[in-house]
Student: 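Take this structure, written in structure tokens, and hold onto it; I'll ask about it next.
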2 protein chains.
Amino acid sequence: MLKDIIDNNENYQPGLSIDCVIFGFHDNQLKVLLIKVERANKWSLPGGFIPVDQDIDTAAITVLNSRTGVEGIFLRQFATFGKVNRNHQHFDKKTLEYLQIEEEKGKWLMRRFVTIGYYALVDFSKILPNPTGRMEIVEWIDHKEVPELILDHREILDKALDTLRIELNLMPIGYNLLPEKFTIPELQKLYETILDKKLDRRNFLRKITNIGILTKLDEKKSNVAHKAPNLYSFDKEKYDEVLKNGLNQGW
Amino acid sequence: MLKDIIDNNENYQPGLSIDCVIFGFHDNQLKVLLIKVERANKWSLPGGFIPVDQDIDTAAITVLNSRTGVEGIFLRQFATFGKVNRNHQHFDKKTLEYLQIEEEKGKWLMRRFVTIGYYALVDFSKILPNPTGRMEIVEWIDHKEVPELILDHREILDKALDTLRIELNLMPIGYNLLPEKFTIPELQKLYETILDKKLDRRNFLRKITNIGILTKLDEKKSNVAHKAPNLYSFDKEKYDEVLKNGLNQGW
DNA sequence: CATTAATGTGTTATTATGACGCAATGTAAT
DNA sequence: ATTACATTGCGTCATAATAACACATTAATG
């Protein structure tokens with residue numbers, strides 16, 4: 001908990017934090033995992049601090065696991081945010097009192113903070129949004145309906161989505177966001193949602209299959225209206241290969 | 001100077017620094033600006049610390065200006081490096097003594113540091129590599145001949161170049177690296193050097209002119225062996241437009 | 001059993017790319 | 001001066017990638 005960290009703040013990097021933009025996909029919506037601590041009236045990105053004996057990537061993984069309960073997730077650093085006033089007056093006396101943090105110790109929190117942004121892609125269906133033992137609400141929220149966030153978290157979220165959009169042209173995506181078996185229309189919806197743009201069904205199929213990362217299964221989706229679409233899975237080996245080498249070289 | 005910063009370390013973000021990979025282009029070589037402080041046997045990237053009352057971007061600009069003397073430069077944050085041991089045992093007692101830094105104050109330097117990486121593209125011809133009043137050697141070094149660097153600076157440099165290679169597909173480049181007037185073969189050499197790959201002359205011309213950011217001048221390069229190539233300049237307005245909107249959308 | 005709203009599988013025109021050919025130009029050698 | 005040579009400028013052609021669209025197929029629904 002926050003109080004434990006502050007009471008032992010010498011074990012953490014001062015003035016430096018991590019914030020995670022955790023993306024999931026459900027009901028044809030790109031969802032973001034947001035949290036709201038008691039007493040707060042705004043939502044925030046899940047974040048944390050950096051133990052002095054942990055790599056920042058490790059600290060980011062810790063943040064992610066503590067909120068989602070899953071491991072082996074796609075996690076990527078995308079930017080660091082360091083405007084002087086980004087956390088100005090974020091913790092006031094009343095909040096510190098409420099959190100039972102001594103005024104002296106509280107100064108550690110009140111200093112200027114720089115935060116390192118990570119974004120994660122996770123399988124919505126595997127995540128339990130509300131792990132026990134935390135005094136906070138954790139919720140998946142459609143990225144188009146994100147309410148006002150604390151500090152510069154809105155800017156961080158936007159930047160994460162921008163990065164994701166750009167990286168969509170450089171790497172395959174979906175393995176981390178979709179269940180093991182999925183349909184092409186589902187994958188297309190994912191792309192359309194991220195890009196906020198309609199794509200042509202038939203051109204999408206051609207382009208996505210040409211990448212060579214999909215395995216067509218001998219199985220159709222059941223319980224659907226209209227024609228049952230075919231199920232696909234990712235060929236993990238080829239997927240990872242393309243992830244490493246990138247696609248769309250350009251030059 | 002370093003001693004001044006350490007003596008007033010309460011004015012700087014603790015455990016956080018900035019390192020800049022400054023690229024220039026000259027003699028068909030991609031150059032990197034490296035520095036070597038007295039007494040050190042390894043080179044390092046120009047870096048600095050972050051005043052508590054300055055945005056990190058501002059602090060990066062300061063680092064850049066103090067080393068190159070130019071303003072209005074292309075500067076971009078590309079990654080943050082935070083392995084636990086990245087600066088382990090970098091400053092030892094002897095070095096601190098030499099720098100006339102008290103042992104107590106020196107502890108500020110010995111803690112674990114996270115560094116934010118920026119890369120810059122500058123016009124080689126406009127930079128004075130050795131600004132006066134600094135007890136250090138500043139030098140342009142061909143990126144293929146970079147000697148051993150301190151800490152993880154090699155990793156930072158490699159990552160900067162990787163980023164540059166990727167961004168070459170997303171934005172035009174050259175405005176910041178070439179003189180005002182340049183030839184197509186020069187621009188091609190720049191691309192080839194960054195990508196470490198030969199490109200076809202004729203296809204390059206077609207692709208680069210199709211972007212619509214070049215103005216063909218009514219002037220040829222003089223004093224050259226063989227046929228004199230035509231001079232071009234960038235159409236800054238269109239260049240900035242493409243910079244903003246990006247090229248090669250992909251999806 | 002026809003309707004409907006999806007999916008699966010094409011075609012065609014246009015554009016971008018990769019791999020070249022060849023003439024023009026200016027320096028350097030004879 | 002004439003010629004050789006390296007380099008530039010401006011093409012062509014075959015192939016691949018992309019955009020736009022047509023039509024048959026499928027399964028739930030009334």
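Order of the sequence lines sets the chain letters (A, B, ...), proteins ahead of strands, with each chain counted from 1.
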Student: Are the aromatic ring centres of Tyr118(B) and Phe78(B) under 6.0 angstrom apart?
Tutor: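 No, ring centres 6.0 Å or more apart.
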Student: Find the bend of the helix from dC1(C)-dG30(D) to dT30(C)-dA1(D) as the angle between its two terminal axes (five pairs each), to the nearest 10°.
Tutor: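 One end axis against the other gives 0°.
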Student: Answer yes or no: side-chain N or O of Lys227(B) and base N or O of dT8(D) forming a donor-acceptor pair under 3.5 Å.
Tutor: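 Indeed there is one.
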Student: Heavy-atom distance under 4.5 Å between the side chains of Val122(A) and Phe124(A), does that happen here?
Tutor: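 No, their side chains stay 4.5 Å or more apart.
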Student: Determine whether the side chains of Tyr232(A) and Glu180(A) contain a donor N or O and an acceptor N or O closer than 3.5 Å.
Tutor: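 Distance-only check fails for Tyr232(A) and Glu180(A).
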Student: Checking contacts here: which listed nucleotide (dG26(C), dT7(C), dA19(C)) is nearest the side-chain heavy atoms of Arg206(B)?
Tutor: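 Between dG26(C), dT7(C), dA19(C), the one nearest the side chain of Arg206(B) would be dA19(C).
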Student: Ignoring hydrogens and geometry, is there a side-chain-to-backbone donor-acceptor pair from Thr163(B) to Lys159(B) under 3.5 Å?
Tutor: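 It does hold such a pair.
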Student: Begin from the C-alpha positions of Lys244(B) and Asp240(B) and carry the test salt bridge (Lys or Arg N to Asp or Glu O under 4.0 Å) through to its verdict.
Tutor: CA-CA 6 Å; Lys244(B) 214 181 71 185; Asp240(B) 286 339; over 6 Å; no
Student: From the list dT7(C), dC10(D), dT8(D), which nucleotide is the closest neighbour of the side chain of Arg202(B)?
Tutor: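 Comparing dT7(C), dC10(D), dT8(D) against the side chain of Arg202(B), the answer is dC10(D).
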Student: Nearest whole Å is fine: how far is dG26(C) P from Lys220(B) NZ?
Tutor: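 Going from NZ in Lys220(B) over to P in dG26(C) covers 6 Å.
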Student: Taking atom P of dA17(D) as reference, at what distance in whole Å does atom CG of Asn248(B) sit?
Tutor: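 Going from Asn248(B) (CG) to dA17(D) (P), I get 14 Å.
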Student: Does Lys36(A) form a salt bridge (Lys or Arg N to Asp or Glu O under 4.0 Å) with Glu139(A)? I'd like the steps, not just the answer.
Tutor: CA-CA 8 Å; Lys36(A) 192 167 172 177; Glu139(A) 222 169 83; over 6 Å; no
Student: Spell out yes or no: do the side chain of Arg201(B) and the base of dA19(C) have one donor N/O and one acceptor N/O closer than 3.5 Å?
Tutor: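 Answer is no: no donor-acceptor pair is held.
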Student: Across the strands shown, which category fits Lys221(A) at heavy-atom distances under 4.0 angstrom: base, sugar-phosphate, nothing?
Tutor: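 Counting heavy atoms under 4.0 Å across all strands, no contact is made by Lys221(A).
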Student: Specify the separation, in whole Å, of atom CD1 of Ile184(A) and atom P of dG8(C).
Tutor: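 Answer to the nearest Å: 8 Å.
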Student: Decide whether a cation-pi geometry holds between Lys31(B) and Phe23(B); the criteria are a distance under 6.0 Å from NZ or CZ to the six-membered ring centre and an angle within 45° of the ring axis.
Tutor: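 No, Lys31(B) does not lie over the aromatic ring of Phe23(B).
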Student: Using whole Å, what does the distance between atom P of nucleotide dT9(C) and atom CG of Asp200(A) come to?
Tutor: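 After rounding, the gap between these two atoms is 15 Å.
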Student: So, under a plain 3.5 Å distance rule, would you say the side chain of Asn210(B) forms a donor-acceptor pair with the base of dA16(C)?
Tutor: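 Side chain to base: no pair present.
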Student: In this structure, how many angstroms lie between the C1' atom of dT18(D) and the CZ atom of Phe204(A), rounded?
Tutor: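 Those two atoms, CZ and C1', are 15 Å apart.
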Student: Return the 5'-most residue of the pair Asn203(B), Trp251(B) with respect to DNA chain D, ranking by each residue's nearest nucleotide.
Tutor: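 With Asn203(B) and Trp251(B) compared, the 5'-side residue is Asn203(B).
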Student: Rounded to the Å, how far apart are Lys216(A) NZ and dT7(C) P?
Tutor: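 The distance from NZ of Lys216(A) to P of dT7(C) comes to 14 Å, rounded to the nearest Å.
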Student: Without decimals, in angstroms, what is the distance between His226(B) NE2 and dT27(C) P?
Tutor: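 Rounded to whole Å, this separation is 10 Å.
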Student: For Ile208(B) and dG18(C), what is the distance between atoms CD1 and P respectively, to the nearest whole Å?
Tutor: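 Atom CD1 in Ile208(B) sits about 14 Å away from atom P in dG18(C).
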Student: Is there a side-chain contact between Lys207(B) and the phosphate of dA16(C), meaning an N or O under 4.0 Å from OP1 or OP2?
Tutor: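 Result: no.
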